[in-house]
Asks: 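Here's a structure for you.
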Amino acid sequence: GLVVNRRTDLTYGELLDDLPFPAASEGAVFWGGPCEPSRMQVLHRLRRELPHEMEICREIRLGIDADTFRDVVAHSLLPGEALHAYVGHAGWGAGQLAAELELGSWITCSAEPDIVFDTPPDEIWDSVLKSLGSPYSRLTSMPVDPRVN
């Protein structure tokens, strides 16, 4: 899995050497999770198909190698296209995620490309909870750290 709402201070240029032009190096990098933090993953909504990609859902695809990433950022994105680079990912052992879902430890919903790519990262959590209606929308007013409730 990927955490989609945690932007880092890193830029594309700090992740990859030799980006094709200076503006390309300014793209934001997100923290995808604690596993393999030295590995870059890319979610995208591009109009062209790319080698080695996997469709996650409508308009969200995963997988661009470093060379393809350099090529993509060398060109302007078309209207509606988006590209998010992540360092690290979230992972689970065999059966762990299924057990956590069974216990109700996760709030689940359908993936929405507009939330992933078009909502500011610090607004994603609230947007998702509000989209689920009550009782989830009430969680938006709770502190992140439950010790301060």
Asks: Taking all heavy atoms of I115 and all of S127, pick out the closest pair and write down the distance.
Replies: CD1-CB, 4.0 Å

Asks: Would you mind listing every salt bridge (charged side-chain N to carboxylate O under 4.0 Å, His left out) that reaches into residues 117-136, with sequence neighbours excluded?
Replies: R45-D118

Asks: If you group Ile, Leu, Val, Met, Phe, Trp and Tyr by side-chain heavy-atom gaps below 4.5 Å, do W31 and L15 land in one group?
Replies: no

Asks: Would you say the side-chain atoms of R47 pair up with the backbone N or O of P79, donor to acceptor, closer than 3.5 Å?
Replies: yes

Asks: For the pair H84 and F30, name the ring-plane relationship: parallel under 30°, tilted 30 to 60°, perpendicular over 60°.
Replies: parallel

Asks: How close do V87 and V29 get, counting heavy atoms only, and between which atoms?
Replies: CG1-CG1, 3.9 Å

Asks: Could you tell me whether E112 and R58 make a salt bridge, using a distance below 4.0 angstrom between a side-chain N and a carboxylate O?
Replies: yes

Asks: Would T68 and D71 count as having a side-chain donor-acceptor pair, cut-off 3.5 Å?
Replies: no

Asks: Can you measure from CD1 (I107) to CG (L129) and round to the nearest 0.5 angstrom?
Replies: 5.5 Å

Asks: Using a 3.5 Å cut-off and no angle test, enumerate the donor-acceptor pairs between side-chain atoms of residues 37-44 and protein atoms at least two apart in sequence or in another chain.
Replies:
residue, atom, partner, partner atom, Å
H44, NE2, E53, OE1, 3.0

Asks: I need the minimum non-hydrogen distance between Y12 and A28, along with the two atoms involved.
Replies: CE2-O, 3.2 Å

Asks: A quick test of your reading: do over 12 heavy atoms of other residues, nucleotides or ligands sit less than 6.0 Å from CZ of R48?
Replies: yes

Asks: Before giving the answer on side chain to side chain contact (heavy atoms under 4.5 Å, CB included), spell out for I60 and F117 the whole-Å C-alpha distance, their side-chain angles and the decisive distance to 0.1 Å.
Replies: CA-CA 9 Å; I60 300 178; F117 296 117; 3.9 Å; yes

Asks: Kindly give the heavy-atom pair with the smallest separation between N5 and V3, and that separation in Å.
Replies: OD1-CG1, 3.4 Å

Asks: Look at the side-chain heavy atoms of Ile, Leu, Val, Met, Phe, Trp and Tyr, link any pair under 4.5 Å apart, and say whether I56 and L101 land in one connected group.
Replies: no

Asks: Are V73 and L10 linked, directly or through other ILVMFWY residues, by side chains that come within less than 4.5 angstrom of each other?
Replies: yes

Asks: So which heavy atom on C57 is nearest to which on A111, and how close?
Replies: SG-CB, 3.5 Å

Asks: First locate atom CG of L62, then atom CG of L50, and finally report the distance between them rounded to the nearest 0.5 Å.
Replies: 11.5 Å

Asks: Can you list the steps and then say if L77 with L46 is a side chain to side chain contact (heavy atoms under 4.5 Å, CB included)?
Replies: CA-CA 8 Å; L77 294 177; L46 300 173; 3.6 Å; yes

Asks: Side chains of M54 and R61: closer than 4.5 Å at any heavy-atom pair?
Replies: no

Asks: What side chain to side chain donor-acceptor pair (under 3.5 Å) pairs are there with at least one residue in residues 95-109, not counting sequence neighbours?
Replies: W92-E100, Q96-E100, E100-W106

Asks: Which pair of non-hydrogen atoms, one from L132 and one from C109, has the smallest distance, and what is that distance?
Replies: CD2-CB, 3.7 Å

Asks: As an exercise, state the distance from CG of L83 to CD1 of I64, rounded to the nearest 0.5 Å.
Replies: 5.0 Å

